[in-house]
Amino acid sequence: MSEEQEKGVNKWDKPSEGDLFGREPFVETIVKTIQSSKEGFNLGISARWGEGKSSILHQLKPKLERLNYRVLTFEPWKYTQDQISIKRKFIIDIYSQLGKEYDETELYSSTEKEKDLKPEDYQTLFASRLGLFVRFSGTIAVIFLAVLLFFQWFTGIDINVTQIFLTNLFIPVLAGILPLVTRLTEVTIKQNTPKVESAEQFEQRFNAVIEDIMSAEKPPEKIIIFVDDLDRCNHTEVEQILTALFTFFNNKHCTYIITADHTVIRRYISKFLQLEDEVGDDGQVDIKKTNDTRQKEATEYLKKIFQINFIVPKITSDLLEAWVKGLLIASPIIVFKNPYAKDYLINLVLNNFQGNPRKIKHFIRTLTFQLEAIGEKISRLSDQNGDESKNLNKVKDSPELLAKILILQD
């Protein structure tokens with residue numbers, strides 16, 4: 001079995017990195033559209049579950065990276081507890097993929113820690129304290145010297161003013177300044193960092209790391225962010241995700257490519273928009289008119305998010321047929337005795353799974369599993385179970401009939 005066939009067996013649910021279904025022209029168009037745009041924008045890729053949205057992203061990534069674009073990926077359906085959770089995880093993921101350290105504690109709670117002063121702040125503080133010390137010590141020296149001179153004049157006693165001044169004031173003051181200088185060199189401040197929870201705070205953190213990347217010595221030309229599988233979420237989660245991501249959409253260096261089944265997303269949006277029912281002339285709810293209005297409003301809402309919405313076209317029957325044949329070849333368990341059996345099975349698959357590659361892969365995997373189980377059962381039967389073994393061998397040798405039963409069960 002070739003390496004490509006082994007991949008077909010072992011990685012059926014992995015997005016394809018090759019162009020199996022003629023997507024290359026669309027991928028190239030997306031790349032050229034991004035190249036021609038001076039600023040970032042949002043591009044939606046729409047297709048049903050299992051029709052190749054993630055595979056298109058896999059094809060896009062190396063092409064974009066060759067243009068010195070930095071490609072990042074975010075899968076929001078994994079973090080749908082609330083808007084804050086999504087924003088928090090988005091920031092952490094972006095920093096991580098950019099290789100930047102980020103103190104996650106500020107995303108969960110307010111923090112207080114000691115921090116060394118910047119050199120310019122330290123110099124200002126040192127000069128201020130030293131000025132206070134000089135003024136204070138100068139005032140004390142003048143007063144002490146005046147007291148000594150007054151005492152000498154009043155008592156008439158001849159005293160050594162200089163010796164007493166130095167011994168009792170200057171030297172002790174000089175000795176006392178050393179700890180002060182030491183303390184000044186160890187100055188730290190307590191920095192209180194509030195918890196990051198507002199949209200503005202998250203946007204500032206995001207913009208800060210993007211600006212840091214773009215101002216590096218060798219910055220990327222653009223930053224492309226893949227947001228994959230938005231339609232895995234329910235309508236409440238979609239609202240939370242879209243609301244959260246609005247926070248990060250306005251950076252001119254970033255282009256977002258968001259995959260989803262937009263027929264599903266429109267249905268979810270129409271729910272959280274909470275539009276009123278349309279009423280007919282008879283005063284009753286007009287279901288058709290209501291649905292049309294909701295679809296229209298949901299479509300307008302999506303236009304505010306996506307500047308371009310690309311709907312992935314259906315896979316042509318010849319490409320899909322060739323691909324199904326490749327899956328069957330890649331599975332040594334599926335063996336046909338009847339010369340017409342393979343074509344029969346291929347027609348069954350093409351006519352019953354709406355041309356959906358993922359559904360077809362799941363079905364072939366189920367068929368393979370059933371055939372393996374039958375083979376294992378046969379190997380354990382004794383000679384006394386001759387009839388059962390004979391019947392099981394008939395099933396094993398007729399995978400097209402087993403496939404039909406499985407389709408009926410499904």
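These figures come from a predicted structure and were not determined experimentally.
Ile407 is listed as a side-chain neighbour of Phe353, based on a closest heavy-atom distance under 4.5 Å. With contacts defined as side-chain heavy-atom distances shorter than 4.5 Å, the pair Pro399/Phe336 qualifies. No side-chain heavy atom of Thr299 sits under 4.5 Å from any side-chain heavy atom of Ile269. Residues Ile225 and Ile257 fail the side-chain proximity criterion, which asks for heavy atoms closer than 4.5 Å. Counting heavy atoms from C-beta on, the side chains of Leu320 and Ile360 come closer than 4.5 Å. Using a 4.5 Å heavy-atom cutoff, the side chains of Leu345 and Val349 are in contact. Within the 4.5 Å cutoff, no side-chain heavy atoms of Lys289 are placed close to those of Asp277. A 4.5 Å side-chain heavy-atom check between Phe206 and Gln201 finds every atom pair outside the cut-off.
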Quiz item: Passes side chain to side chain contact (heavy atoms under 4.5 Å, CB included), Thr33 versus Thr29? Steps please.
Solution: CA-CA 6 Å; Thr33 302; Thr29 301; 4.2 Å; yes

Self-check item: Verdict with supporting geometry, Trp323 and Leu319, side chain to side chain contact (heavy atoms under 4.5 Å, CB included)
Solution: CA-CA 6 Å; Trp323 178 71; Leu319 288 176; over 6 Å; no

Self-check item: Residues Asp343, Lys325; criterion salt bridge (Lys or Arg N to Asp or Glu O under 4.0 Å); working and verdict
Solution: CA-CA 9 Å; Asp343 289 338; Lys325 287 180 179 178; 5.1 Å; no

Quiz item: Going through the distances and angles, do Lys296 and Asp292 end up as a salt bridge (Lys or Arg N to Asp or Glu O under 4.0 Å)?
Solution: CA-CA 6 Å; Lys296 181 179 178 181; Asp292 289 344; over 6 Å; no

Exercise. In sequence, state the C-alpha distance, the side-chain angles, and the governing distance for Ile346 and Leu328, and then conclude on side chain to side chain contact (heavy atoms under 4.5 Å, CB included).
Key: CA-CA 9 Å; Ile346 291 172; Leu328 296 177; 3.8 Å; yes

Practice problem: For side chain to side chain contact (heavy atoms under 4.5 Å, CB included), just list the numbers for Lys359 and Trp49, CA-CA rounded to whole Å, side-chain angles, deciding distance to a tenth of an Å, and then say yes or no. | Solution: CA-CA 9 Å; Lys359 290 181 179 179; Trp49 175 86; 3.8 Å; yes

Self-check item: Chi angles and distances behind the salt bridge (Lys or Arg N to Asp or Glu O under 4.0 Å) call for Glu75, Lys89
Solution: CA-CA 10 Å; Glu75 296 178 323; Lys89 191 58 187 174; over 6 Å; no

Self-check item: salt bridge (Lys or Arg N to Asp or Glu O under 4.0 Å) between Lys404 and Glu400, intermediate numbers included
Solution: CA-CA 6 Å; Lys404 189 169 185 177; Glu400 73 282 3; over 6 Å; no

Practice problem: Go through Phe249 and Tyr256 one step at a time and tell me if the ring pair (Phe, Tyr, Trp, His ring centres under 6.0 Å) criterion holds. | Solution: CA-CA 8 Å; Phe249 277 164; Tyr256 290 82; 4.8 Å; yes

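Within the model, atoms OH of Tyr95 and CG of Leu72 stand 12.5 Å from one another, a figure rounded to the nearest 0.5 Å. How far CG of Asn338 is from CG of Asp397: 11.0 Å, rounded to the nearest 0.5 Å. Distance check, rounded to the nearest 0.5 Å: NZ of Lys63 to CD1 of Ile34 gives 12.0 Å. The CD1 atom of Ile91 lies 9.5 Å from the CZ atom of Phe74; values are rounded to the nearest 0.5 Å. Interatomic distance, Ser331 OG to Leu367 CG, rounded to the nearest 0.5 Å: 7.5 Å. The distance from atom CD of Glu200 to atom CZ of Arg205, rounded to the nearest 0.5 Å, is 10.5 Å.
Side-chain atoms of Thr366 come within 3.5 Å of backbone atoms of His362 as a donor-acceptor pair (strictly under, hydrogens ignored). In this structure, Asn68 contributes its side chain and Pro219 its backbone to a donor-acceptor pair below 3.5 Å. A donor-acceptor pair is defined here as one N or O able to donate and one able to accept, closer than 3.5 Å; such a pair exists between the side chain of Ser379 and the backbone of Glu376. Judged by distance alone, the side chain of Arg70 and the main-chain N or O of Gln97 form a donor-acceptor pair under 3.5 Å. A donor-acceptor pair under 3.5 Å links the side-chain atoms of Lys53 to the main chain of Ala47, judged by distance alone.
Scanning all heavy atoms of the two residues, the minimum distance from Gly40 to Thr255 falls at CA-OG1, 3.4 Å. The shortest non-hydrogen separation linking Gly50 to Pro357 is O-CD, 3.2 Å.
The environment of Leu67 atom CG is dense: over 12 non-hydrogen atoms of other residues, nucleotides or ligands sit within 6.0 angstrom. Applying the 6.0 Å contact sphere to CZ of Phe246 captures more than 12 heavy atoms from other residues, nucleotides or ligands.
Residue Thr259 forms a side chain to side chain contact (heavy atoms under 4.5 Å, CB included) with just one option from Leu57, Ile56, Leu43, and that option is Leu57. Checked against Phe226 for a side chain to side chain contact (heavy atoms under 4.5 Å, CB included), the options Ile45, Ile258, Leu60 give a single hit: Leu60.
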For a quick test of your reading: what N or O donor-acceptor pairs under 3.5 Å do the side chains of residues 306-316 make, sequence neighbours left out?
residue: Gln307; atom: OE1; partner: Asn42; partner atom: N; Å: 2.6
residue: Lys314; atom: NZ; partner: Glu51; partner atom: OE2; Å: 3.4
residue: Thr316; atom: OG1; partner: Asp318; partner atom: OD1; Å: 2.7

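For residues 208-225, the set of pairs meeting the salt bridge (charged side-chain N to carboxylate O under 4.0 Å, His left out) definition, not counting sequence neighbours, comprises Lys100-Asp212.
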